[in-house]
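Computed over heavy atoms, backbone and side chain alike; hydrogens, waters and symmetry mates excluded. Just so you know, ligand 1 is whichever comes first in the structure, and atom 1 is the first atom listed for that ligand.
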Amino acid sequence: MSVGDATARPCDEEGNFLPEGTPPGRAETRILGDWTPYNSQDEFELADLLFTRAEMSHGQVDELMQIWAARAAREGATTAFTDSKDLHDTIDAIEEGDAPWYSFRVGYNGTHPQGPVPSWMDDSYQVFYRDPRQVMRMFLSNHKFDGNFDYVPYREYENNERKWGDFMSGNFGWKQAQDLIAEDKRTHGSTLITLLSGSDKTTVSVATGQNDYYPLYLSIGNITNQIQQGHEDCVVVIGFLAIPKCEREHEKSDAFRNFCQELFHSSLTTILEPIRSAIETPEVVRCPDGHFRRVVYSLGPYIADYPEQVLLSGIVSGWCPKCTAHSRDLDGDSSPRSTQLTDLLCSSFSSTELWDEYGIAVNVHRPFTNNFPRANIHELLSCDLLHQVIKGTFKDHLVTWVEDYLKKKHGKAGAARIMSDIDRRIGIAPLYPGLRRFKKGRGFNQWTGNNSKALMKVWLPAIEGYVPRDMIRAISAFLDFCYLVRHPTITQRTLQDIQDALDRFHRYRSIFQRTGVRKLGSKGFSLPRQHALKHYIEHIIAFGAPNGLCSSITELMHIRAVKKPWRRSSRLKALEQILLTNQRLSKLSAIRRSFEQCGMSQDDCHTAALKEVGLDAPETEPNPNTTDGVMNKNDDCGPVGGPQVLNHVVLARRKAPRSPKDINGLTRFIGHDMMVLVRCFLFDQKYPESEIPGSDVSLNLCPRFSGAISVYHSAVATYYAPSDISGVGGMYREQIRATPVWNRGESSVPRYDCVLVQVCPEDDGFRSMQAACVRLLSSIKHKDKTIPCALVEWYETVGNAPDDTIGMWVVKPEYTGNRQRQLEALQRVATVVHLDSVVRGIHLIPVYRKQQISQKHAYSTTLDDFKQFYINKYIDYHAFETVY
Ligand SMILES: [Zn+2]
């Protein structure tokens, strides 16, 4: 369901709507073979390699060209560029992707005090920016977004249930489009383009000191989340704001603080000013599908951390920028903040009352959004998974509170001993693709968001036994919340689950008060970042799934737009060099797209050159990273390109070297009678409908086996997991290993990964599966058929529901024989299963509870040393969704 044909109608270059079905015109493309400003493809490829990927310094480029020139002189040839200046001049001559930098200066123009004047009052501050309309045109002309670009806001339903995913599925875009189209004829038929912005200071530090930069980023909500996360052209740095400096004695003064705020808001107003006219009057722009459309802009969500949100919304620190809840009782009663409400309150109360009772900082410059139609900063402040959930509530609150609890209960020395044991528990968690190994526990020098995300996966079972059960329940509820809000698509049902997880979290977190870790009463949990969790549901309804709008996107941009360009600068007037580098990167990226669009860079430059002179292309090995189902030897997991396909598991391409070649050798090697297991498996394959499985029928009834059997050390599981780091189609893959020698760093260890095997397809979630450890990956040749299969040792499920404290399923190794027998006589129950029944790999983490871990314990034997394991649903988002 969409707003309908009243929006997003294609038009011609003058803005006249086209009849329905008119195909898009081609962009003013190049003549085939025109590599301007380069002479040839190899020149362009070299420039792109040196500048974008190798990031080679001026000096090194000069040196390379000199070496090349020497060789060229001998052979009577020429070099691609004479020196680094020539290389840069050619990049600057690229017309595509040109969004030049401008700047303006701002200074204090208020009253000066009597006596000595602080230096900041006399300084002027330079702000750099790009024209947002030019940047928008650059965005919209990117044909790579075609197919992943929503022109029209929509409401999606599945089984009568509303579904939210990409930004345009939310109510915000819908409402803006309706306002626009229903009420104003000038904008009828136009396309709504929603601007996403974000600002955040970042520091680059060197031994001699540090430099702070304040980039402002821009993106658009029309690009789908899939692309938003995986594509580097989705976010552009559009400004560098000024950071006023002053003597320490004046830092806290009201005058300086007010000036900083005024500078911030007036800079944003000035930078975004060109957009304002196109908020109400459409302009004609070419879109990713090649059509021209009349577009209208609107200011959309703003991504910022809490201090930045305070600055943006003009509230008092400690209050919520989105609602009026009192700072002493943030999770209590409240109503939404808005510009109108602030105006009303300001006209009714004194500045002290406003400050104390409503958290409104009256002296502060009014938010920049007040200068733009249809923009309410309180509504636009986006929720922020990284700062509110991952760094805030998890790391700064829960992890710290658990440590505080241990110190209160056991004293400093006792707590230190326990925390060391917790560290060891984390350290011996079995290996899993993509799981960071915490070799020495978690004594990180610097807590990054990635460290916190990695810890989230293994922390909860590690603290169990050392903290009260309600603490486990509170943290489990919080983790559920965290994984739920990271879903790529959220249904009304998910919203209920989110609310339920949040309610459970609020209910059980009072254990931190009962144990004296937090103050009693509402003050104990009046924490702005934790309170923000309450606003997630309204955020999802308005803006779609939160993982599309997360400050980890801006954090990633810091590296590309600030930190890397800074590192390659000469440090003298570094900002100007950073600006230039960004501009050159945009140009190279845009010209590559232009070449691709004209079909000019289908061949690599060597092949193209050979074809040009009439020779055959050289035979090349396929790139292992791009071939479906085959991964780089050292990569355990990673995104896969291409469209969404059904989940599947395939054997590695290479057979295992030095493995037993015959079935008797395999039996000795693996410790299970392979002939029996293979024959039972063949029975299951032959009689899939049989009520009795092959393992329970007489061996005489099972087919005889005399074929070949080949062993593999790994398989690749590919599945749809769009909110983890996945390819553009949302596909993700991971290695499943079964190998006696797995090399990692200094030592080699056996590695037998665990998997989920589908056993009762008619059930849901984990009830439809059984956990197993893969002992052998093989293919069996039987009667001209080659069957990929796995020998697995089973885990039996404990109980018929997840553990009611930690919320995870418990399993234990399954043995043959009965209890009267000696333990030595017991053998793991094993079966050969078809690889098609393997759903994916899964992480098993020991149920530690009271058990202390010795220093000598090695992670490689963890799966053999414990009696029970949790099915770790927190290992990744897809597991959380699958194992319920
Ligand atoms: Zn609030």
Side-chain angles (χ1 to χ4, degrees), residues 164 170-172 198 300-346 349 353-362 364 367 369 375-394 396-398 477-478 481-482 484-485 490 495 498-507 509-510 518-519 521-546 549-551:
W164 292 268
N171 283 0
F172 180 84
Y302 199 108
I303 304 167
D305 62 9
Y306 182 69
E308 194 99 346
Q309 289 189 339
V310 169
L311 174 66
L312 276 156
S313 60
I315 56 152
V316 178
S317 185
W319 290 71
C320 173
K322 295 187 79 74
C323 74
T324 56
H326 201 285
S327 66
R328 286 192 300 270
D329 183 16
L330 272 182
D331 288 340
D333 292 341
S334 66
S335 46
R337 285 190 192 271
S338 68
T339 318
Q340 292 81 349
L341 182 68
T342 307
D343 288 344
L344 186 71
L345 292 169
C346 286
F349 296 98
E353 285 170 314
L354 289 169
W355 183 283
D356 291 342
E357 295 307 316
Y358 296 96
I360 296 170
V362 253
V364 167
T369 43
N376 162 15
I377 188 63
H378 307 290
E379 183 190 4
L380 296 185
L381 286 175
S382 157
C383 69
D384 175 2
L385 287 168
L386 183 69
H387 288 104
Q388 293 162 347
V389 176
I390 295 159
K391 284 184 175 171
T393 310
F394 180 67
D396 289 348
H397 303 157
L398 295 172
F478 164 75
F481 175 90
C482 174
L484 284 165
V485 295
I490 293 179
L495 289 186
I498 292 171
Q499 188 60 54
D500 171 64
L502 190 61
D503 292 344
R504 274 188 290 135
F505 175 56
H506 284 169
R507 186 161 69 244
R509 72 179 173 181
S510 62
R518 299 297 304 165
K519 278 191 193 135
S522 52
K523 190 92 175 85
F525 296 116
S526 281
L527 302 155
R529 287 178 299 167
Q530 197 169 119
H531 160 74
L533 308 188
K534 267 190 91 172
H535 292 296
Y536 272 60
I537 290 182
E538 69 193 52
H539 174 106
I540 292 162
I541 293 172
F543 301 141
L549 287 168
C550 174
S551 60

(message) Between F349 and Y358, is the ring-ring contact (aromatic ring centres under 6.0 Å, His included) condition met? List the steps.
(response) CA-CA 10 Å; F349 296 98; Y358 296 96; 5.1 Å; yes
(message) Side chains of Q499 and D503: any donor to acceptor distance under 3.5 Å?
(response) yes
(request) Hey, could you give me the CZ/CG distance between F478 and L502, rounded to the nearest 0.5 Å? (result) 10.5 Å
(request) Give me the protein N, O or S atoms that fall under 2.8 Å of the Zn ion (ligand 1), sorted by chain and residue number. (result) C320 SG, C323 SG, H531 NE2, H535 NE2
(message) Once rounded to the nearest 0.5 Å, what's the spacing between atom CG of D331 and atom NE2 of H326?
(response) 14.5 Å
(request) Applying side-chain contact (heavy atoms from CB on, under 4.5 Å), name anything that partners T324, two or more places apart in sequence or on another chain. (result) S334, S335, R337, L341
(request) Determine the sole option in C383, S382, C323, P336 for which the side chain to side chain contact (heavy atoms under 4.5 Å, CB included) test with H535 is passed. (result) C323
